[in-house]
Amino acid sequence: MQYYTQIKDNKDIEELMDSFGWFHDSCIKELEYYSGSYVDSNRCMYPFNSSRCVRMVFQSQNTAISTIEMKFDKIKKLNLIPRNEEYDCIIYGASLKKIDGLFYWSEWSGFKIEDITREHGTWISAQEVSWRPLRNALGEERIYNRNKKADMEKKMLHRKLKRIVDGYGLIEKSQEMFWATLKTYQQEDAGEFNIKFNDYDKSKIKIYIKSVSFSIINWPSDDYDCIKVSIGIEYNNKNAGYHDILYRLDGEIEDDYFVIY
């Protein structure tokens, strides 16, 4: 999965535009809007457009990167003017500009703020913009339908893992184990400890959850599965190591790896 590149300044804008040939000979393949509002299973409504996210897929005839996805977060307005079958929908040149704290993308080049009341075309404004290339994404098949099943499966796996982690308090248990292990390290190997943690001050240690993962150790057998909680360690604002704790699915500790650089 290709990660999004955040657009922050004109340099980022030029990088995108150069990568996609300034959208010359491209088209809007499809788009998706997510508001953030919803009605839950108890028919209670969360009535706020807290996300206001639009994702748009573009395909190009000419560029090395044939397909990109742009993500517009906290959109202000989407002005969608699709041309009907009497006219082609080819984009011959597009614009992406930041004006007064908002990003504006338009399907025509040379965008000016007054164009939003004069030009008859598609444009969008948003607080944040990011983009990524999409591999093997040319053709007529709808991309967001294709990804829907994978997204649902990912959410289902995430919910199951979170249920186990929260149910057994694995985050809290891991944090407690870290401090106990650090204390044991200090007591049993004071010389090395003092080298690793020069002028030791407990208040200078910061820990954070790097990741939580499910591992099938003896693939494809299910006789040895575990959940790994990985804790990152910083000392005096520098990366100092990590502590990985492996749990059985009943919440009991299987093993751990305490590494100090």
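These numbers come from the heavy atoms of this one structure, side chains and all, not from hydrogens, waters or symmetry mates.
Ser37 and Ser35 are linked by a side-chain donor-acceptor pair at a separation below 3.5 angstrom, with hydrogens and angles left out of the test. Counting only N and O atoms by type, the side chains of Tyr144 and Glu69 include a donor and acceptor under 3.5 Å apart.
In this structure, NZ in Lys155 is found 8.0 Å from CZ in Arg159, a value given to the nearest 0.5 Å. Rounded to the nearest 0.5 angstrom, Asp255 CG and Ile253 CD1 are separated by 10.0 Å. Taking CZ from Phe72 and OH from Tyr104, the interatomic distance works out to 13.0 Å, rounded to the nearest 0.5 Å. Residue Asn198 holds its CG atom at 13.0 Å from OH of Tyr200, rounded to the nearest 0.5 Å. Interatomic distance, CG of Leu138 versus CD of Gln61, reported as 10.5 Å (0.5 Å rounding). Between Leu31 atom CG and Leu78 atom CG the span is 6.5 Å, to the nearest 0.5 Å.
Not counting sequence neighbours, the partners of Ser109 by the side chain to side chain contact (heavy atoms under 4.5 Å, CB included) test are Ser95. Residues passing the side chain to side chain contact (heavy atoms under 4.5 Å, CB included) test with Ile217 are Ser215, Tyr224, Cys226, sequence neighbours excluded. In this structure, the side chain to side chain contact (heavy atoms under 4.5 Å, CB included) partners of Leu249, at least two apart in sequence or on a different chain, are Phe214, Asp225, Ile227. Remark: Tyr46 engages Tyr38, Phe48 in a ring pair (Phe, Tyr, Trp, His ring centres under 6.0 Å) (not counting sequence neighbours). The ring pair (Phe, Tyr, Trp, His ring centres under 6.0 Å) check on Tyr33 picks up nothing, with sequence neighbours excluded. Residues forming a side chain to side chain donor-acceptor pair (under 3.5 Å) with Ser174 (at least two apart in sequence, or on another chain): Tyr247. When the ring pair (Phe, Tyr, Trp, His ring centres under 6.0 Å) test is applied to Phe58, the partners found at least two apart in sequence or on another chain are Phe23, Trp105. Partners of Phe103 under the ring pair (Phe, Tyr, Trp, His ring centres under 6.0 Å) rule, at least two apart in sequence or in another chain, do not exist in this structure.
Around atom OH of Tyr87, no more than 12 heavy atoms belonging to other residues, nucleotides or ligands sit under 6.0 Å away. Heavy atoms of other residues, nucleotides or ligands lying less than 6.0 angstrom from CG of Asn79 number more than 12.
Closest approach of Ile13 to Leu96, counting heavy atoms only: CG2-O, 3.3 Å. Closest approach of Ala94 to Ser106, counting heavy atoms only: CB-O, 3.2 Å. Listed here is the closest heavy atom pair of Ile205 and Leu182: CD1-CD2, 3.4 Å. Shortest non-hydrogen contact noted between Tyr168 and Asp250 is CE2-O, 3.1 Å. Scanning both residues, Phe20 and Ser66, for their nearest heavy atoms gives CE1-O, 3.9 Å.
Counting only distance, with no hydrogens or angles, the side chain of Gln59 and the backbone of Ala137 share a donor-acceptor pair below 3.5 Å. Checked by atom type and distance alone, the side chain of Tyr261 never pairs as donor or acceptor with a backbone atom of Tyr242 at under 3.5 Å. Within the 3.5 Å criterion, the main-chain N or O of Tyr3 finds no donor-acceptor partner in the side chain of Arg132. At distances below 3.5 Å, at least one donor-acceptor pair connects side-chain atoms of Ser125 with backbone N or O atoms of Lys77. One N or O on the side chain of Thr63 and one on the backbone of Ile65 form a donor-acceptor pair closer than 3.5 Å. In this structure, the side chain of Asn218 does not engage the main chain of Ser221 through any donor-acceptor pair within 3.5 Å. Without hydrogens or angle criteria, Asn84 side chain to Glu86 main chain gives a donor-acceptor distance under 3.5 Å. In terms of modelled atom types and a separation under 3.5 Å, the side chain of His243 and the main chain of Phe258 share no donor-acceptor contact.
Counting heavy atoms from C-beta on, the side chains of Lys210 and Ile231 never come closer than 4.5 Å. Lys76 is not listed as a side-chain neighbour of Gln127, based on a closest heavy-atom distance of 4.5 Å or more. Looking only at side-chain heavy atoms (C-beta outward), Met70 and Ile7 stay at 4.5 Å or farther from each other. Taking the side chain as every heavy atom from C-beta outward, His120 and Ile81 approach each other to under 4.5 Å. Phe197 places a side-chain heavy atom less than 4.5 Å from the side chain of Ile260.
Pairs passing the salt bridge (charged side-chain N to carboxylate O under 4.0 Å, His left out) check and including a residue from residues 24-38, sequence neighbours excluded, read Glu32-Arg55. For residues 185-205, no residue pair satisfies the salt bridge (charged side-chain N to carboxylate O under 4.0 Å, His left out) rule, not counting sequence neighbours. Residue pairs meeting the salt bridge (charged side-chain N to carboxylate O under 4.0 Å, His left out) criterion with at least one partner in residues 163-185, sequence neighbours excluded, are Lys162-Asp166. Annotation: salt bridge (charged side-chain N to carboxylate O under 4.0 Å, His left out) contacts involving residues 90-117, sequence neighbours excluded, comprise Arg83-Glu107, Lys112-Asp115, Asp115-Arg118.
Grouping the Ile, Leu, Val, Met, Phe, Trp and Tyr side chains by contacts below 4.5 angstrom, directly or via other members, places Phe111 apart from Val129. Under a hydrophobic clustering in which Ile, Leu, Val, Met, Phe, Trp and Tyr are joined whenever their side-chain heavy atoms come within less than 4.5 Å, directly or via other members, Ile116 and Trp108 fall into the same cluster. The hydrophobic cluster containing Met56 also contains Leu16, counting ILVMFWY residues as joined when their side-chain heavy atoms lie under 4.5 angstrom apart, directly or transitively. Hydrophobic clustering of Ile, Leu, Val, Met, Phe, Trp and Tyr side chains at less than 4.5 Å, counting indirect connections, keeps Met17 apart from Ile99. There is no path of hydrophobic side-chain contacts, each under 4.5 Å, that joins Val57 to Ile68.
Taking a cutoff of 4.0 Å between a charged side-chain nitrogen and a carboxylate oxygen, Asp9 and Lys11 do not qualify as a salt bridge.
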Legend entry - Candidate pair Val212 and Lys228, rule side chain to side chain contact (heavy atoms under 4.5 Å, CB included), full reasoning: CA-CA 6 Å; Val212 177; Lys228 181 177 75 173; over 6 Å; no
Legend entry - Evaluation steps, side chain to side chain contact (heavy atoms under 4.5 Å, CB included), between Ile216 and Asp222: CA-CA 7 Å; Ile216 302 173; Asp222 63 354; 6.0 Å; no
Legend entry - Working for side chain to side chain contact (heavy atoms under 4.5 Å, CB included), residues Ile207 and Glu234: CA-CA 6 Å; Ile207 61 173; Glu234 292 183 358; over 6 Å; no
Inset, instruction - Kindly determine whether Asp244 and Ser230 satisfy side chain to side chain contact (heavy atoms under 4.5 Å, CB included), including the steps that lead there. - result: CA-CA 4 Å; Asp244 290 349; Ser230 183; 2.6 Å; yes
